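Heads up, the thing below is written out as structure tokens.
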Amino acid sequence: MPYQRPRGTNDITPAPRPNEPAFEVHKWQHAERTFQGLVERYGYQEIRTPMFEDIELFIRSSGETSDIVTKEMYDFYDKGERHVALKPEGTAPVMRSYLENKFAAPGLPTRLWYFSHSFRYGRPGKGRYRQLHQLGLELIGSSSPRADAEIITLAYRYFSAMGMTGQKVLLNSIGKPADRILFGAVILKHTESYFADRDPAERAKAEANPLRLLDTKDPGLREALAGLPSILKHLSPESLAHFESVKAALDEEEIPYQISDDVVRGLDYYTDTVFEVVNESLGENLSLAGGGRYDHLIGQIGGPATPSVGVGIGVERLLLTLESLGIAQPVPPLDAFLVAATEEAKPPVRKLANHLREQGFKVLLDLDDKKLGAQFKSADRSGAKVALVLGDDELAAGTITVKTLATGEQISIPQADLAAYLAR
RNA sequence: GCGGUUGUAGCUCAGUGGUUAGAGUGCCUGACUGUGACUCAGGAUGUCGGGGGUUCAAGUCCCCUCAGCCGCCCCA
């Protein structure tokens, strides 16, 4: 094998890859179309941004101490000495474009969706890739709790529309930056004795962003955190009221969720609402989607303060979850495979193929002058619903033989009735 | 980035340091003169992930490396 794909990347192929049924292109197409169909009914419009950006954009938005910035960025210098990074997430580029191109509709919140690559330089594994794909939504310009609920609702309904069951929304609020500074101090105080005899690097990391200690799996640290009051007890009255309204709006939409006060998210730009969507069948540690409100992001990258909320959905993880749940995805069928029974029938068969294609049918025929039996074999493997046979008898009578491949049943119909037969 | 584990035919996998590396399945051809799947007969296929080393001899032992998977970190 002279070459193999770069580590942590995937080929998305027309036929399933061994052990990787999720990377079949028709499943991806279905996922994209379903998403587009759903969110466009809510007024979202597509946006496409470049695959790479000035690295500063990500440092400013995600936060200098975030893991994405400190160790997971695919960055390089181009021939003009520009320091750029393959985008590690979708939100910052969309916000940059929004600011740069000023396409906001006056008087209306801006609703955007995207389907995009993301790149994260981590150790790959199942459901964890260096090149991954995200479907995302951004609702820019509303501070209403209904905006938060709209985003969460759409994420949840999307998974349902894909046939998924068992997805859970984990919901939390991390308040405003001021709340977080206060709560961070509380956390550090609470874990002071634990960190007293830890190494300085670990201590520094904790001090840089104490909130991230909350979702630790380290048993010692978990113990040290025991008895710490919930972040929800430290919210300002405004944040608390916002959180209550988000919950009420989700109840109204009948979206099930569970409050999970250890969901803190890895990016610095979130304010108030944060959430993740998980599914047991994918594994405890992998989330299907994550998002929240980021009222200060646009301000952080140099624009006017603009309240916004969004979500990113992991396409690989979505499809992996559907596989592990055994949820079948529709395979686009071929309408017919045309078979020429005799040499004389070949030109009419080619003509018929074109005729059917003009009418919108998906048809295939033999290219390699195969014998009749081999043509049927091709028909069988093509996945076509029927084989259409033209030979001397049919040409003389103006009929066509239709064989249903799954059952082997064969009937003869007038050629004039063929389109109506296939369309039924 | 850290720890563990795996890598042999298209696929699933056997293979005590000792001829020319096997099985099942799939694939190709034929029996089949107007019919795929079933049956029967025949056939092709490997850089044993890659590189180096030890040895009379390496798929097998050692080192390095690449890739997958599991756990950690983190997240989609």
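Numbered from 1 within each chain, the chains take letters A, B, ... in sequence-line order. If you're wondering where the values come from, they're calculated on a predicted model, not measured in any experiment. The basis for the numbers below is simple: all heavy atoms, side chains too, and nothing from hydrogens, waters or symmetry mates.
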Inset, instruction - Count the heavy atoms of every other residue, nucleotide or ligand shown that sit under 6.0 Å from CZ of A:Arg157, and state whether that count exceeds 12. - result: yes

Inset, instruction - Write down the partner of B:U33 under the Watson-Crick or G-U wobble criteria, each distance required to be under 3.5 Å. - result: none

Inset, instruction - Just name whichever nucleotide pairs with B:U54, Watson-Crick or G-U, keeping both distances under 3.5 Å, else none. - result: none

Legend entry - Euclidean distance, atom CG of residue A:Leu338 to atom P of B:U35 [Å, nearest integer]: 18 Å

Inset, instruction - Take atom CZ of A:Phe23 as the centre, draw a 6.0 Å sphere, and report whether it contains more than 12 heavy atoms from other residues, nucleotides or ligands. - result: yes

Legend entry - Whole-Å distance separating the CG atom of A:Leu320 from the P atom of B:G68: 14 Å

Legend entry - Exercise: do A:Thr342 and A:Asp392 side chains pair donor with acceptor under 3.5 Å: yes

Legend entry - Integer angstrom distance from the C1' of B:G42 to that of B:C48: 28 Å

Legend entry - Euclidean distance, atom CG of residue A:Leu372 to atom P of B:G36 [Å, nearest integer]: 8 Å

Inset, instruction - Just compare B:C73, B:G34, B:A67 and give me whichever is closest to any side-chain atom of A:Gln4. - result: B:A67

Inset, instruction - Would you indicate whether A:Arg17, at its atom CZ, is surrounded by more than 12 heavy atoms from other residues, nucleotides or ligands within a distance under 6.0 Å? - result: yes

Inset, instruction - Report yes if a donor N or O on one partner sits less than 3.5 Å from an acceptor N or O on the other, where the partners are the side chain of A:Arg128 and the base of B:A76; otherwise report no. - result: no

Legend entry - Between A:Ser239 and A:Asp272: side-chain donor-acceptor atoms closer than 3.5 Å: yes

Inset, instruction - Find the partner of B:G43: check Watson-Crick (N1-N3 plus N6-O4 or O6-N4) and G-U wobble (N1-O2, O6-N3) distances, both under 3.5 Å, and reply none if neither fits. - result: B:C27

Legend entry - Out of B:A37, B:U35, B:G34, whichever nucleotide has its closest atom nearest the side chain of A:Lys377: B:A37

Inset, instruction - Could you check which nucleotide pairs with B:A9 in any of the strands shown, counting Watson-Crick or G-U wobble with both distances under 3.5 Å? - result: none

Legend entry - Residue A:Thr401, side-chain heavy atoms: nucleotide from B:C69, B:U35, B:C73 that is nearest: B:U35

Legend entry - Same-atom distance (P) from B:C70 to B:U29, integer angstrom: 39 Å

Legend entry - Who pairs with B:C48 - Watson-Crick or G-U, where each distance is under 3.5 Å: none

Legend entry - Nucleotide opposite B:C2 in a Watson-Crick or G-U pair, distances under 3.5 Å: B:G71

Legend entry - Distance in angstrom units between A:Arg123 CZ and B:C74 P, rounded: 16 Å

